[in-house]
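Worksheet for the structure shown next.
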Amino acid sequence: MEYNFTAIEPKWQDKWKDDGIYKVNLDPSKPKYYVLDMFPYPSGAGLHVGHPLGYIASDIVSRFKRLKGFNVLHPMGFDAFGLPAEQYAIEHGIHPKKSTETNISNFIAQLTKIGFCYDWDREVRTCEPSYYKWTQWIFLQLFNSFYNRQQQKAVPITELIKAFDANGNANHICPGDNSIHFTAAEWKAYTEKEQQDILMNYRLAFCGYGEVNWCEALGTVLANDEVVNGVSERGGHPVVKKKLRQWYLRITEYADRLLTGLETIEFSEAMKEMQTNWIGKSSGAEISFKLQAASYKQEQSNLQLAACSLELLVYTTRPDTIFGVDFMVVAPEHELIEKITTAEQKEAVEAYITYVKSRSDRERQAEKKITGCFTGAYAINPFDGREIPVWISEYVLAGYGTGAIMAVPCGDERDFKFANHFNIPVTNIIGDAFDGTEANATKDAILSNSGFLDGMKMRDAIEVVINKLEEMGIGKRKVNYKMRDAAFSRQRYWGEPFPIVWKDGIAYPLEETQLPLELPDVESYSPGPEGEGPLANIPEWTTQFATPQSPLQGVRGGMLETNTMPGYAGSSWYFLRYMDPHNDKNFCDRTISDYWNQVDLYIGGTEHAVGHLLYSRMWTKALYDLGHIGFDEPFRKLLNQGMIQGSSRFVYRVVFTYDSEFKNAPLTNVFMFISKNTVDEYNNNSVTAKEKIQEFIANSIAKYSESVKLRNYQIIETHVDVNIVDGVELDIEAFKKWRNGEYANAEFLFEDGKYICGVEVEKMSKSKFNTVNPDTLVEKFGADTFRMYEMFLGPVDQSKPWDTKGIEGVHRFLKKLWRLFFDETKGKVWTDAAPTAEELKVLHRTIKKIEDDTERYSFNTAVSGFMICVNELSDLKCHKKEILESLLILITPYAPHIAEELWQQLGNSGSILDASYPVFNAAHVTETSKEYPVSINGKMRTSLTIALDATEDQVKELVLTNELVQKWMEGKPLKKLIFVKGKMINVVV
RNA sequence: GCCCUGGUGGUGGAACUGGUAGACACGCAGGACUUAAAAUCCUGUUCGCCGAAAAAGCGAGUGCGGGUUCGAUUCCCGCCUGGGGCACCA
């Protein structure tokens, strides 16, 4: 009986499904374990070999944990809302719902063939109303909450209203606009609209006007993490800044908790670093500089008084350098510019601002020129009264801090370059630490030229200055974050509608009973007017609550919000829905979420570092604050799988021009390809190679026409499908059939009778013809081979190019495993005989190795462990049932189909997943060394470790004769000596 | 520029806390079985030297140059280099 995976695998996949073997239920008697994959976006291209890498890893972990007695939750679903489906709909006229459904069923079919143990009953799709009902519901929770800074948590907005009624906003600084202040009496006097506008400035999900990343080509705004180098992440379209009414998430209120929360979870250092940088916390001080009155006199002498009250507020992390301030720089958008610019400088300033406006973000990022303009105004250093010129420059960003800085050229590289460029004299406050040629950003220098700070270490001066500033009332301690509030609306169709009705400029939330607010079924997805989104074109939808029958009190005549939510809305909480996917009363029952709790292991790529992984952390924290769940970090541990790159293959085509009597001769159909080595020689200017190529071209052309004279030619590198290349050798027959026979008559210049292709590692993509489809591999070698091979390829967290050639080795291993049970001629060969000591040793070494390797996600070495084990058992001709059964259980997570089949063949009933995991017994693993107590200089020292085959005489001799040992005998304590093969190799002290 | 991460045979990669570097696999070479092929099995395979060959031996060797240590792929310092992230954040 042979290893017939084609029969075995579908058989078990069906059985697993029919028996509902992966169904999970709440079981308080067992410890729980939650393994989750980042759910995929169901693109039309289907899976390539890179996708399953993480899924295989999570499948191994979940089967392993289940065998170890855990109640394992391992679900799968689809992130189904998003731009590509809608773009596809616009281009092909297929409704996104349709194409998404088709894509999902393809995905499921592909995943099933690999044999994953998902509980499909728990599948979620973010585009289903039964799912997005709760996305909308959570949105409303955020909308109806604010961040209480005293309590450092989200609190219902009704609490805030109570506080306003009692004390105005004295105890609650307005996060949206900190210049808003009012008393209880004023609050009560406001109109409803005024009150709602104020509340909007507090809500965790809020609507406001702001600079957003607008992508014209996609017709929508994008979040910061969706913009890469000034172009959209999807599609690479240009992105510009635009002021628009938008929904936002007030994620900035969570900045500090998102930062400190990182200490409680196991993310890789790199990942934590990325999030830390994105949050970008810095602490320093805000300092207010008085602007000098004199600069206004020239223009309007009567402005002197007003000018004295003008102040420039800057943010700095280095208040200790205040005596080194040589100029101020404000962002070109700064509102003070208009007020402080002198008459002489007016023209120059206006010209400069026009110039800055003409530059796009991309240009600014691409070429960092030093540009700027003097305003004519001066600020006064509060400590020494020095006059400091105020400049404008684009290197100061309006959106960060106060949009203005104090420039200290001796301590800041950018300030130094600016000072140099505009010949501004530089004050040195750090003595020898500044050499005049470049800035030194040290904190350890001793201050000089710094008034009352002279002689102080900079690091210590920071506090001193802040205290002094606060005492003088001209500055205060301040923490800033780079992170911005997240843009939360898209002007697209294919997303969750906002459960918000607008009337008279007030946003009214829908009632819970009105959810889900479903997307209308429409034919057209073209954008609405003024970036409003396609839903604005459907009045019968937008006004559905405007009827007299509308249950929404007070909103009759209102209009629904026409934006939709972004892709990350649904993915921010999906891990909660898997726990209780069919609940229509709640997004997830509290007792259930208390049981499953955090995701114990989350597996996915690094690309979501600052998007999804940050948003879902914030949503979790908010839901926790509001008492809906019992934990405030969603993912206890994150494992990043590496990216599988494509290994592209190239052919080298000759393109030529020619002279001919027959100008119309069809030589455009002549395709000539030159093997890689000859191309290399050609590129190295080899004369023989050139002659060879010319002769080849001449001969090839001659087949078509004799009257052609070659004029010129060049060699062009083009991608060829990796699936028709064996290693680097092109399969000529397959190549001729490729692309519907376009190259059927191609001519080749061979190299030892072979055509050798060029190789390069690139991202895997259809256009590069370097994708490998898992289906074909599963068909050829089986799912078990495929799974083990993907793991065997290398560490899961490492990126590597795909290479199919080693798959045979893994396949051979599985066949060898099979032969431990079945012989081609004799049939079954296993016996009930008791295993020998040596066989038990092999087994228990393997148990230990597999357990250790699986626990630390070292799947590649685990696969090696299986290979060693099977090789050794083969060598021992071991067919003992007792050994084999244990081995099957060990291998189940890695190769579930073959394990189930052989398990059943051995006469077991039921799934191997319900077997009990073998326990490692050290007694079976013979020790490789023994420890002897050793006495040196009459004192008992710790111990010696020596190889078994060393005799005691040898040991004595070595200890006495070895000079190293003599040395330690003189004093240092001796821990152990290590002997291998009777030879001492080392001593540890 | 800053931060993170890697660099080991012809190839993918092992070596958990410093302890026989190259496990396991691919590829390659040779052999067995077979009319033949496939499949399977066996042997060899870091490089160099010494050897007709075998056995055995010697030397070098984990990107480069130093250091710590009895001992370094592992720790420290300085470079070179691949990959990823951030990029005027004051």
Side-chain angles (χ1 to χ4, degrees), chain A residues 2 228-229 268-282 284 314-319 321 328-329 331 364-365 368-370 393-397 399-408 411-415 417-418 441 480-484 606-607 609-610 640 642-643 645 727 761 788-789 792-795 797-813 815-816 819 824 849 852-853 855-856 858 860-871 874 945 947 962-965 967-968 972 976-981 983-989:
Chain A
E2 262 195 359
V228 180
N229 293 329
S268 70
E269 285 311 308
M271 180 64 59
K272 286 185 180 179
E273 176 115 0
M274 270 188 251
Q275 295 210 346
T276 306
N277 286 345
W278 185 261
I279 295 166
K281 180 178 182 171
S282 73
V314 303
Y315 172 70
T316 180
T317 54
R318 297 295 301 274
T321 61
M328 300 286 184
V329 189
R364 265 172 79 155
Q365 278 175 24
K368 275 170 201 155
K369 287 196 289 187
I370 301 173
S393 176
E394 57 183 336
Y395 84 86
V396 172
L397 306 175
Y400 183 77
T402 61
I405 63 158
M406 54 179 233
V408 183
D412 184 283
E413 197 51 43
R414 292 152 306 176
D415 297 346
K417 283 183 179 152
F418 192 88
N480 264 326
Y481 299 92
K482 284 192 220 172
M483 185 167 65
R484 301 276 84 104
T606 47
E607 66 272 21
V610 292
N640 292 117
M643 198 175 57
Q645 294 139 315
V761 172
M788 287 196 104
Y789 182 58
F792 187 61
L793 218 48
D797 53 356
Q798 200 174 303
S799 288
K800 58 232 152 192
W802 176 262
D803 186 353
T804 308
K805 78 177 182 218
I807 199 169
E808 305 264 4
V810 176
H811 192 58
R812 272 201 272 273
F813 153 74
K815 287 199 278 195
K816 203 165 182 175
R819 284 200 302 274
E824 256 178 80
K849 178 159 178 60
D852 288 352
D853 287 351
E855 291 280 9
R856 62 188 174 101
S858 179
N860 56 331
T861 54
V863 174
S864 299
F866 286 121
M867 290 176 170
I868 295 168
C869 177
V870 167
N871 283 343
S874 294
T945 305
N962 193 294
E963 51 183 276
L964 300 173
V965 177
K967 199 169 138 192
W968 283 302
K972 294 189 185 177
K976 62 180 181 179
L977 286 166
I978 299 167
F979 294 89
V980 173
K981 290 177 187 164
K983 190 172 82 175
M984 186 185 85
I985 57 159
N986 226 322
V987 186
V988 177
V989 260

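These numbers come from the heavy atoms of this one structure, side chains and all, not from hydrogens, waters or symmetry mates. Below, read A as the first sequence line, B as the second, and so on, with proteins coming before strands; counting in each chain starts at 1.
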> Nearest 0.5 Å, what's the CE-CD1 distance between Met328(A) and Ile405(A)?
Replying inline: 9.5 Å
> At what distance, to the nearest 0.5 angstrom, does CE of Met643(A) lie from CD of Gln645(A)?
Replying inline: 5.0 Å
> From the list rU40(B), rA23(B), rA14(B), which nucleotide is the closest neighbour of the side chain of Ser864(A)?
Replying inline: rA23(B)
>> Can you identify which nucleotide, out of rC88(B), rC16(B), rG13(B), has its nearest atom closest to the Arg856(A) side chain?
In response: rC16(B)
Base, sugar-phosphate alone, or nothing: which one does [X] contact when heavy atoms must sit under 4.0 Å apart?
X: Val396(A); answer: base
X: Asn860(A); answer: sugar-phosphate
X: Asn480(A); answer: nothing

> Which base sits across from rG1(B) as a Watson-Crick or G-U pair, both distances under 3.5 Å?
Replying inline: rC86(B)
> Does rU40(B) have a Watson-Crick or wobble partner in any strand here, with both distances under 3.5 angstrom, and which is it?
Replying inline: rA32(B)
Would you please confirm or rule out a distance under 4.0 Å between OP1 or OP2 of [N] and any side-chain N or O of [X]?
X: Gln798(A); N: rG13(B); value: yes
X: Lys805(A); N: rG12(B); value: no
X: Arg812(A); N: rC41(B); value: no

> Is there a donor-acceptor pair closer than 3.5 Å between any side-chain N or O of Asp412(A) and the backbone N or O of Asp415(A)?
Replying inline: yes
> Separation of Lys281(A) atom NZ from rC86(B) atom C1', in whole Å?
Replying inline: 20 Å
> Where does rG9(B) land, syn or anti, given syn is within 90° of 0?
Replying inline: syn
> How are the rings of Tyr789(A) and Trp802(A) set relative to one another: parallel (under 30°), tilted (30 to 60°) or perpendicular (over 60°)?
Replying inline: perpendicular
> Quantified in whole Å, what is the C1' atom distance between nucleotide rA23(B) and nucleotide rU73(B)?
Replying inline: 15 Å
> If the C1' atom of rU5(B) is compared with that of rG9(B), how far apart are they to the nearest Å?
Replying inline: 24 Å
> For Ser864(A) and Asn860(A), what are the C-alpha separation, side-chain angles and deciding distance, and is it a side chain to side chain contact (heavy atoms under 4.5 Å, CB included)?
Replying inline: CA-CA 7 Å; Ser864(A) 299; Asn860(A) 56 331; 6.0 Å; no
